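For the numbers below, each heavy atom of this structure counts, side chains included, while hydrogens, waters and symmetry mates do not. Computed from a prediction, not measured in an experiment: that's the story for all the values here.
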Amino acid sequence: MAETKLKDLSSLRPSLKKLINAPFASPATTPAPPQIRNIYQRLSREAKSRKYGERSWITIAAATTFTLNSPSSLSHLHSTSSSLTPTQPSPPSPPPLTPLLLAELIREVGLKCISFNGIPRTINCLNAFRSDLEVNPWSSSLSSVPSRTVTTSNINNTISRGNALWKSIYTPHHGKLTQKLALAHPDLPGYILQGHYAMLLADPPRHVEGGVPRQARLGRCLTSLVAIACLRAQRGVGPQVLSHVYGLRKAVEQGLHREEFEDEEEREGIERLAGDEGCEWILESVDKVARAIGGGGFAGWEREVDQDQERDKEDGVEDDTRLDGEVSEVGNVAEEMEEELQGGRGSGSGRGRESKL
């Protein structure tokens, strides 16, 4: 009898296979829409004209594309951004992002998307993206040595980096938020801080062997852009979007962008993005990519055919909906962060940029 049961479990009957792959369940990845290259090119032009920085718009576009589960669109993003990157920028511009570094940057974005989208979508996209890159002779130079492996010798430093990142984003409310998360489930704050902030969202030390090159690392500021883009594209998590918008502003207030970007134009670009106009552009850019790609699952964006017409409709919608009515402890902390930013700014590098925030 036992052998019969095992034999029955070794294969699936057609009706079960059909149900697993039912179209209404959106079992497949989202195909790239015909206009996606135009969308990416538009974001590149806008970012250049507004001086937001090249890595910023690529990070936003990549995080949105991972969230929408569209591996083929990632390949278009890479080829588009590669063709738009100057091979010999005029000094004192930073060194160009080569196709190899662009690929490393996009892969690093995808890895950090796990903390906001879950593992399956990142697996889908990274596997397909890596396969598409095989046609390039430089693909063999892609990083292959892990840099986030936890050992008995680095565990304490790893946890410390995660705690530091958490504090950087939510200060001075980081302790209160940890306590509130523990009320939801006692293991929730430990898992979030140690499993995500420590091991994934916080970059490993620069001296660690392996991992992506320095130019492709995200750092604190670009990681906030990943969070905003993923959560906006994911939908249904407005309080968390709000929290990470303030997280981006905190990074600038703390002057972290001056440590992470060697080029002054890139530093100023992050400062602009952290302002009201910049944050609006981030959200609108995510919306453009999401409407173009569409996709089922938790994102649930319907693919847009006439983007300009739909955008005009959106512009006519009242946008004064408040998020502080949400039943969310994260939302409450975000509102407290808003009051703290508006009521009195910290000392140091943040004072000179109050008008931009």
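- Side-chain N/O atoms of Ser224 and Tyr246 include no donor and acceptor closer than 3.5 Å.
- Remark: aromatic rings of His78 and Trp138 are close, center separation under 6.0 Å.
- By the 4.5 Å heavy-atom criterion applied to side chains, Asn69 and Cys125 are counted as neighbours.
- With contacts defined as side-chain heavy-atom distances shorter than 4.5 Å, the pair Leu222/Phe261 qualifies.
- A salt bridge is absent between Arg258 and Glu266; no separation between the charged side-chain nitrogens and carboxylate oxygens falls under 4.0 Å.
- With 3.5 Å as the limit, one finds a donor-acceptor pair spanning the side chains of Thr223 and Lys112.
- Summarising the geometry of Glu260 relative to Gly219, their closest heavy-atom pair is OE2-C, 3.6 Å, with the distance given to 0.1 Å.
- By the 6.0 Å contact criterion, CD1 on Ile119 is open, its count of non-hydrogen atoms from other residues, nucleotides or ligands being 12 or less.
- Thr67 and Arg121 form no side-chain donor-acceptor contact under 3.5 Å, judged by distance and modelled atom types alone.
- The cluster map of Ile, Leu, Val, Met, Phe, Trp and Tyr, joined by side-chain heavy atoms under 4.5 Å apart, puts Leu200 and Phe66 in different clusters.
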Check against salt bridge (Lys or Arg N to Asp or Glu O under 4.0 Å), Glu284 and Lys288: CA-CA 6 Å; Glu284 290 169 352; Lys288 290 175 184 177; 5.8 Å; no
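- Between the side chain of Arg232 and the main chain of Ser285, no donor-acceptor pair closer than 3.5 Å is present.
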Residues Asp276, Arg249; criterion salt bridge (Lys or Arg N to Asp or Glu O under 4.0 Å); working and verdict: CA-CA 10 Å; Asp276 288 340; Arg249 296 186 171 204; 2.4 Å; yes
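- A donor-acceptor pair is defined here as one N or O able to donate and one able to accept, closer than 3.5 Å; such a pair exists between the side chain of Asn154 and the backbone of Thr149.
- A salt bridge links Arg130 with Glu134: at least one charged nitrogen is closer than 4.0 Å to a carboxylate oxygen.
- Relative ring orientation between Tyr170 and His244 is described as perpendicular, the plane-to-plane angle rising above 60° on a 0-90° scale split at 30° and 60°.
- Checked against a 6.0 Å centroid threshold, the rings of Trp57 and Tyr52 do not count as neighbours.
- Electrostatic pairing of Arg148 and Asp203 counts as a salt bridge here, judged by a charged N lying under 4.0 Å from a carboxylate O.
- A salt bridge links Arg272 with Glu268; the closest basic N to acidic carboxylate O contact falls under 4.0 Å.
- Side-chain rings of His196 and Tyr191 approach one another, their centers coming within less than 6.0 Å.
- Using a 4.0 Å cut-off between a side-chain N of Lys or Arg and a carboxylate O of Asp or Glu, Arg107 and Glu104 qualify as a salt bridge.
- Residues Arg235 and Asp287 are not paired through a salt bridge, judged by the lack of any N-O separation under 4.0 Å between the basic side chain and the carboxylate.
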